[in-house]
Enquirer: 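Next up is a structure, given as structure tokens.
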Amino acid sequence: MSLLITNGRIITAADDYVADVYCDKGVVVAIGRNLPSHRFQADRTIDASGKYVIPGGIDVHTHLNMPFGGTTSADDFETGTIAAAFGGTTSIVDFAIQYRGSTMRQALDDWRKRADGKAVIDYGFHMIVTELADAGLGDMDRMVRDEGITSFKLFMAYPGVFMVDDQTIFRALRRTGENGGLVCMHAENGGVIDELVKEALRKGETAPKYHALTRPPTAEGEATGRAIALSEMAGVPIYIVHLSAAHALEKVREARDRGLPAYAETCPQYLFLSYDNYEESGFNGAKYVMSPPLREKWHQDVLWKGLAKNDLQVISTDHCPFCMAEQKALGRNDFSKIPNGAPGIETRLTLVHDGGVRPGRISMNRFVELCSTTPARMFGLFPRKGTIAVGSDADIVIFDPDKTATLGVKTLHMNVDYNPYEGRTVKGAPSAVISNGEVIVDGDTFIGKKGGGHFLRRSASQAPAGL
Ligand code: URP
Ligand code: ZN
Ligand code: ZN
């Protein structure tokens with residue numbers, strides 16, 4: 001199928017100009033003003049006058065169909081990627097889990113089964129590492145070299161589930177120096193948090209807000225500093241995931257000022273929600289139980305400044321939805337049993353445009369850079385993804401800056417019974433979404449197909465080259 005997008009304002013991380021884009025067989029073939037119709041005949045033409053034509057969003061932090069906290073995240077690879085597409089995201093990087101006693105190969109096979117034939121947009125995987133014996137080091141090499149799994153998530157939190165010790169982290173970091181992989185770190189001090197949680201429960205403090213009160217920002221700051229120190233000693237880059245607190249950003253900034261290749265992402269929930277949400281009536285605070293937790297409101301400004309100044313390089317979602325009924329309810333009498341995570345895969349672009357671009361906190365170019373281009377570079381997908389250029393995949397969003405949307409369970413497509421932004425009106429939303437040259441979202445209608453997404457075999461991170 002061939003597609004011609006006319007008269008749109010093409011915005012990439014670097015450019016902003018009006019032109020036509022011609023796509024054929026899934027890739028961008030030509031870009032120019034008034035492309036000659038005899039050479040560029042298209043099966044379909046979209047008039048994008050007055051709209052932005054931007055590279056499809058890339059969300060490098062999602063958890064679809066993930067067993068966690070005694071249940072499984074509520075979106076599978078079909079429902080989750082349809083919701084992503086509605087929100088203007090055309091590629092995700094999800095997480096396969098290498099459980100203790102099993103191999104990375106088994107983990108990848110398991111997660112490929114969850115996604116293959118279901119995802120409607122392209123998808124890749126990071127590998128969550130929960131133990132790293134000598135055989136595991138070889139596994140890491142094979143993942144990078146043979147499978148296109150070029151990044152590994154390690155946890156400094158969740159003792160007994162995912163947490164690994166500093167020695168394991170150091171071994172993994174060191175190995176990425178040889179195999180070209182990148183370590184992504186969940187940086188919270190799990191030991192301290194575990195003690196604080198036990199103490200709170202002993203005192204009968206069981207409400208959702210104690211989830212936040214037992215995970216102080218200092219626990220995130222300490223772990224972020226330690227993770228960076230470990231990467232410095234290993235002599236390799238590091239990427240901090242879901243950074244929520246000024247305390248942690250301070251550590252990243254200080255490292256970057258010293259010239260270290262330390263990178264970090266934040267997520268919309270940390271930019272738009274705050275500790276106050278935990279004080280909502282009854283059990284409603286459970287909607288926001290995620291790790292790291294929401295912080296006091298003042299952190300938001302610090303994070304926005306970090307995004308503007310490139311101390312933070314990526315906005316991802318950490319989409320990990322659990323329904324209030326039956327799933328979050330597991331922790332009705334004990335906050336530590338509330339499954340950690342919240343929905344967000346569909347609302348990233350609209351929220352960041354409305355709350356970041358419109359008030360002038362970041363430019364449109366920076367918006368594209370944070371939500372598409374740098375994620376692609378950081379995780380080995382650029383320039384196939386993350387830009388609009390001749391030869392790149394035709395993953396394109398026609399974004400209408402004047403379209404208003406009211407966020408809520410009824411208007412959104414995620415398979416979850418609440419939305420953290422219920423009732424919030426945003427200006428600016430996708431009017432069409434194109435994946436590999438096919439229109440998959442047309443206005444308010446999904447016209448893609450189950451299994452239409454491809455597995456992404458990623459290259460090594462290109463981050464150290466220039467970020
Ligand atoms: O609360 C969260 N973030 N749930 C997903 C798992 C993780 O740590 O990213
Ligand atoms: Zn995490
Ligand atoms: Zn996560």
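For ligands, and for the atoms within them, numbers begin at 1 and follow the listed sequence. Count residues from 1 along the sequence.
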Enquirer: May I ask you to decide if the ring planes of F272 and W304 are parallel, tilted or perpendicular, using 30° and 60° as cut-offs?
Expert: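 Ring orientation, 0 to 90° scale: perpendicular.
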
Enquirer: Nearest 0.5 Å please: distance from the OG atom of S392 over to the CG atom of L381.
Expert: 11.5 Å

Enquirer: Using a strict threshold of under 4.0 Å (side-chain N to carboxylate O), is an ion pair present between D139 and R105?
Expert: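 The answer is no: the pair does not qualify as a salt bridge.
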
Enquirer: Can you pull out the closest protein heavy atom to atom 6 (C) of ligand 1? Residue, atom name and distance to 0.1 Å, please.
Expert: H63 NE2, 3.7 Å

Enquirer: Report the part of Q269 in contact with ligand 1, treating N, CA, C, O as backbone and CB onward as side chain, heavy atoms under 4.0 Å; options are side chain, backbone, both, neither.
Expert: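 Neither; nothing of Q269 gets under 4.0 Å from ligand 1.
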
Enquirer: For ligand 1, which atoms sit closer than 4.0 Å to a heavy atom of S291?
Expert: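 Ligand 1 atoms under the 4.0 Å threshold to S291: 1 (O), 2 (C), 3 (N).
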
Enquirer: Please list, in number order, the atoms of ligand 1 under 4.0 Å from a heavy atom of M290.
Expert: 1 (O)

Enquirer: If we count only N and O atoms by modelled type, under 3.5 Å, do the side chains of T374 and Q313 hold a donor and an acceptor together?
Expert: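 Short answer, no.
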
Enquirer: Do N340 and S291 get their side chains close enough for a donor-acceptor pair, meaning under 3.5 Å?
Expert: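 A pair is found: one side chain offers a donor N or O, the other an acceptor, under 3.5 Å apart.
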
Enquirer: Among all protein heavy atoms in this structure, tell me which lies nearest to atom 4 (N) of ligand 1, with the distance rounded to 0.1 Å.
Expert: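 Residue, atom and distance for the closest contact: N340 O, 3.1 Å.
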
Enquirer: With a cut-off of 4.0 Å, which atoms of ligand 1 are near a heavy atom of H186?
Expert: 8 (O)

Enquirer: Mind checking whether F162 and H186 have side chains closer than 4.5 Å, heavy atoms only?
Expert: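 When only atoms from C-beta onward are counted, H186 and F162 do not touch, as no gap falls below 4.5 Å.
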
Enquirer: Work out whether the distance between some heavy atom of F95 and some atom of ligand 1 is less than 4.0 Å.
Expert: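 Outside the 4.0 Å threshold, so no.
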
Enquirer: Can you count the protein N, O or S atoms that lie less than 2.8 Å from the Zn ion (ligand 3)?
Expert: 3

Enquirer: For F322, does the six-membered ring have the charged nitrogen or CZ of K328 within the cation-pi criterion, i.e. under 6.0 angstrom from the centroid and within 45° of the normal?
Expert: no

Enquirer: Counting heavy atoms only, which of T62, V161, D318 is nearest atom 3 (N) of ligand 1?
Expert: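 The option holding the nearest heavy atom is D318.
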
Enquirer: In terms of relative ring orientation, are Y275 and Y278 parallel, tilted or perpendicular, with 30° and 60° separating the classes?
Expert: tilted

Enquirer: Could you list the atoms of ligand 1 found under 4.0 angstrom from a heavy atom of F155?
Expert: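 Ligand 1 atoms under the 4.0 Å threshold to F155: 8 (O).
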
Enquirer: Using the ring of each side chain (for Trp, its six-membered ring), is Y158 parallel, tilted or perpendicular to F68, with breaks at 30° and 60°?
Expert: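 Rings of Y158 and F68: perpendicular, as their planes differ by over 60°.
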
Enquirer: May I ask whether F162 has any heavy atom positioned less than 4.0 angstrom from an atom of ligand 1?
Expert: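 For ligand 1, residue contact (heavy atoms, under 4.0 Å) with F162 is absent.
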
Enquirer: Check ring-ring contact (aromatic ring centres under 6.0 Å, His included) between H413 and all other residues, then give those that pass, not counting sequence neighbours.
Expert: F86

Enquirer: Any atoms of ligand 1 less than 4.0 Å from a non-hydrogen atom of C320? List them with their elements.
Expert: 5 (C)

Enquirer: Counting from 1, what ligand 1 atoms have a heavy atom of K153 closer than 4.0 Å?
Expert: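 Those qualifying, in numeric order: 7 (C), 8 (O), 9 (O).
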
Enquirer: Aromatic rings H353 and F367: how do their planes relate, parallel, tilted or perpendicular, breaks at 30° and 60°?
Expert: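 Rings of H353 and F367: perpendicular, over 60°.
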
Enquirer: Strictly by modelled atom types, are T62 and D59 linked by a side-chain donor-acceptor pair under 3.5 Å?
Expert: no

